Amino acid sequence: YQGKRGAEDIVVFAGGAAGHPHQWLKVQAELRHALERDELVLWYQPKVGLPGAGINGVEALVRWQHPERGLLPPCEFLPAAEHSGLIAPLTEWVLRRALIDQAGWTATGQDWTLSVNVSARNLDAPGFVGYVTALLAETGARPDRLMLEVTETALAGDADNAVRAVKELGALGVGISVDDFGTGYTSLSHLRGLPISEIKIDRAFVADVDADPQSQAIVRSVIELAHGLGSRVTAEGVETVEIHRWLVDAGCDEAQGYLYGRPVPWPQVAVEPIAEPITERTAR
Ligand code: C2E
Ligand code: MG
Ligand code: MG
Ligand code: MG
């Protein structure tokens with residue numbers, strides 16, 4: 001039993017150290033410097049249209065080029081940022097950097113929409129909509145080429161401020177996307193009356209949708225729900241051609257995943273051509 005208990009302890013302590021509250025103070029102090037020293041970087045993952053799989057847009061995904069620890073994924077520092085005041089300056093940095101990058105790809109002739117993830121705390125903060133409005137004016141970006149991704153849970157409960165912010169952003173013409181849909185344990189009634197332009201089906205349901213009947217039922221009903229609400233629907237985490245084909249058949253509008261392209265700095269954004277199924281016609 002000693003051995004078993006020991007093994008469990010190791011699992012507990014080895015898991016997600018940087019996401020653990022004990023590490024937050026250190027991460028917070030370092031992150032403050034990182035923002036001052038411009039150590040954050042944005043990588044972009046393509047969002048492709050179905051069935052053709054051409055690039056419709058890109059999603060900005062933040063990384064931290066840490067001076068000692070190398071390139072850190074968001075799970076290593078976002079929890080600490082969320083639990084301190086730092087998520088506000090972090091999101092402001094991300095939005096500004098991403099809109100500047102968008103001006104860069106627009107200048108090279110790419111008409112990609114830009115998706116940016118925002119946290120519940122951002123939507124709750126009183127100055128957020130004003131910040132976005134000012135930034136759009138300053139950068140000259142078109143509001144309808146910007147999409148803000150919010151999670152379902154950010155809109156649930158007594159999220160009065162977040163709901164108001166989403167309505168104001170929608171009125172500006174900014175797209176609102178509900179990210180990781182299906183994982184939030186929230187009631188669908190929260191979506192009613194909101195200007196939702198896109199629903200993103202969580203990777204958990206997409207990963208086995210070509211094989212699992214329950215995932216298939218869930219994904220089909222989310223597609224129908226999205227279309228019924230007048231929204232587009234995007235599947236995240238598409239890794240295989242079989243899943244891609246299933247989604248095309250099910251009428252999904254857009255997809256994202258390693259099959260098409262991983263997150264990279266924007267000048268490297270490109271999509272892999274999708275192999276066509278071998279039929280008698282193409283085999284000849
Ligand atoms: P998300 O918005 O749902 O982004 C999708 C995540 O799944 C990204 O991880 C992406 O790299 C990963 N992914 C994409 N395609 C595939 C695939 O085919 N297979 C697998 N296994 N994974 C795939 P990443 O970049 O580590 O971001 C994780 C989360 O961190 C994001 O989830 C988002 O919630 C948050 N995040 C990222 N950047 C920002 C940001 O700038 N601000 C805020 N507030 N949150 C961010
Ligand atoms: Mg997202
Ligand atoms: Mg997502
Ligand atoms: Mg996700």
Side-chain angles (χ1 to χ4, degrees), residues 44-61 73-75 78 112-120 123 146-156 159 162 166 170 174-263 271-272 274:
Y44 294 88
Q45 185 179 32
K47 287 180 69 188
V48 306
L50 297 180
I55 303 176
N56 286 353
V58 291
E59 177 178 0
L61 295 161
C75 60
L78 278 181
W112 303 332
T113 59
L114 166 67
S115 294
V116 173
N117 294 282
V118 300
S119 87
L123 293 175
L146 173 65
M147 176 108 74
L148 298 181
E149 297 194 3
V150 307
T151 58
E152 224 183 320
T153 28
L155 304 170
V166 159
V174 172
I176 302 294
S177 169
V178 184
D179 203 355
D180 301 340
F181 190 80
T183 57
Y185 305 104
T186 57
S187 150
L188 292 176
S189 65
H190 293 295
L191 301 182
R192 204 166 60 174
L194 293 180
I196 292 165
S197 20
E198 176 190 66
I199 287 180
K200 291 182 88 166
I201 310 172
D202 194 73
R203 188 165 85 221
F205 309 111
V206 175
D208 58 2
V209 78
D210 56 326
D212 183 75
Q214 291 194 325
S215 293
Q216 292 173 354
I218 291 167
V219 172
R220 279 207 182 90
S221 55
V222 176
I223 292 171
E224 196 182 331
L225 169 75
H227 289 163
L229 292 171
S231 312
R232 293 173 67 75
V233 60
T234 299
E236 57 178 38
V238 177
E239 295 189 359
T240 70
V241 180
E242 289 73 26
I243 295 172
H244 163 85
R245 289 196 195 118
W246 191 93
L247 292 165
V248 168
D249 287 343
C252 189
D253 303 307
E254 288 192 355
Q256 251 181 311
Y258 294 166
L259 175 67
Y260 315 102
R262 290 178 183 253
V271 290
E272 294 291 324
I274 303 301

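Only a predicted model underlies this, so the values are computations on that prediction, with no experimental measurement involved.
- Side-chain N or O atoms of Q45 include one that pairs as donor or acceptor with a backbone N or O of G261 at under 3.5 Å.
- Nearest heavy atom pair, residue V233 against residue A226, reads CB-CB, 3.7 Å.
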- Task: Applying side chain to side chain contact (heavy atoms under 4.5 Å, CB included), run through T113 and L146 and close with a yes or a no.
- Result: CA-CA 6 Å; T113 59; L146 173 65; over 6 Å; no

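- Judged purely by distance below 3.5 Å, without hydrogens or angles, the side chains of D210 and H244 never pair a donor atom with an acceptor atom.
- Between atom CD1 of residue I223 and atom OG of residue S231 there is a gap of 13.0 Å, rounded to the nearest 0.5 Å.
- Side chain to side chain, D208 and S215 meet the donor-acceptor criterion of an N or O pair below 3.5 Å.
- Counting all heavy atoms, side chain and backbone alike, E149 lies closest to S115 at OE2-CB, 3.5 Å.
- Under the 4.5 Å side-chain criterion, counting only non-hydrogen atoms from C-beta, L123 is in contact with V166.
- Pairing each heavy atom of I176 with each of P195, the nearest pair is CB-O, 3.5 Å.
- K47 NZ to Y260 OH: the interatomic distance, rounded to the nearest 0.5 Å, is 13.0 Å.
- Within 6.0 Å of CD in E242 there are more than 12 heavy atoms belonging to other residues, nucleotides or ligands.
- With a 4.5 Å cut-off on side-chain heavy atoms, L148 and N117 do not count as touching.
- Taking all atoms of both residues into account, the shortest heavy-atom contact from V238 to A255 is CG2-CB, 4.0 Å.
- Separating the CD1 atom in I243 from the CZ atom in R203 is a distance of 11.5 Å, to the nearest 0.5 Å.
- Between the CG atom of L229 and the CD1 atom of I199 there is a distance of 5.5 Å, given to the nearest 0.5 Å.
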Under the side chain to side chain contact (heavy atoms under 4.5 Å, CB included) criterion, do V222 and F205 qualify, and how do the steps go? CA-CA 10 Å; V222 176; F205 309 111; over 6 Å; no

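- Interatomic distance, F181 CZ to E152 CD, rounded to the nearest 0.5 Å: 5.0 Å.
- Among the candidates E198, E59, K200, the single residue satisfying the side chain to side chain donor-acceptor pair (under 3.5 Å) test with T234 is E198.
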List the steps and the verdict of side chain to side chain contact (heavy atoms under 4.5 Å, CB included) for L259 and T240. CA-CA 6 Å; L259 175 67; T240 70; 5.9 Å; no

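- Scanning both residues, G49 and N56, for their nearest heavy atoms gives CA-ND2, 3.4 Å.
- Nearest heavy-atom pair, V116 versus A60, reported as atom, atom and distance to 0.1 Å: CG2-CB, 4.4 Å.
- Residues T151 and V178 fail the side-chain proximity criterion, which asks for heavy atoms closer than 4.5 Å.
- In this structure, S221 OG and I201 CD1 are separated by 8.5 Å, a value rounded to the nearest 0.5 Å.
- Put simply, the side chain of E236 reaches to within 4.5 Å of the side chain of D179, judged on heavy atoms.
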task: Determine, stepwise, if the pair S197 / M147 fulfils side chain to side chain contact (heavy atoms under 4.5 Å, CB included).
output: CA-CA 8 Å; S197 20; M147 176 108 74; 3.9 Å; yes

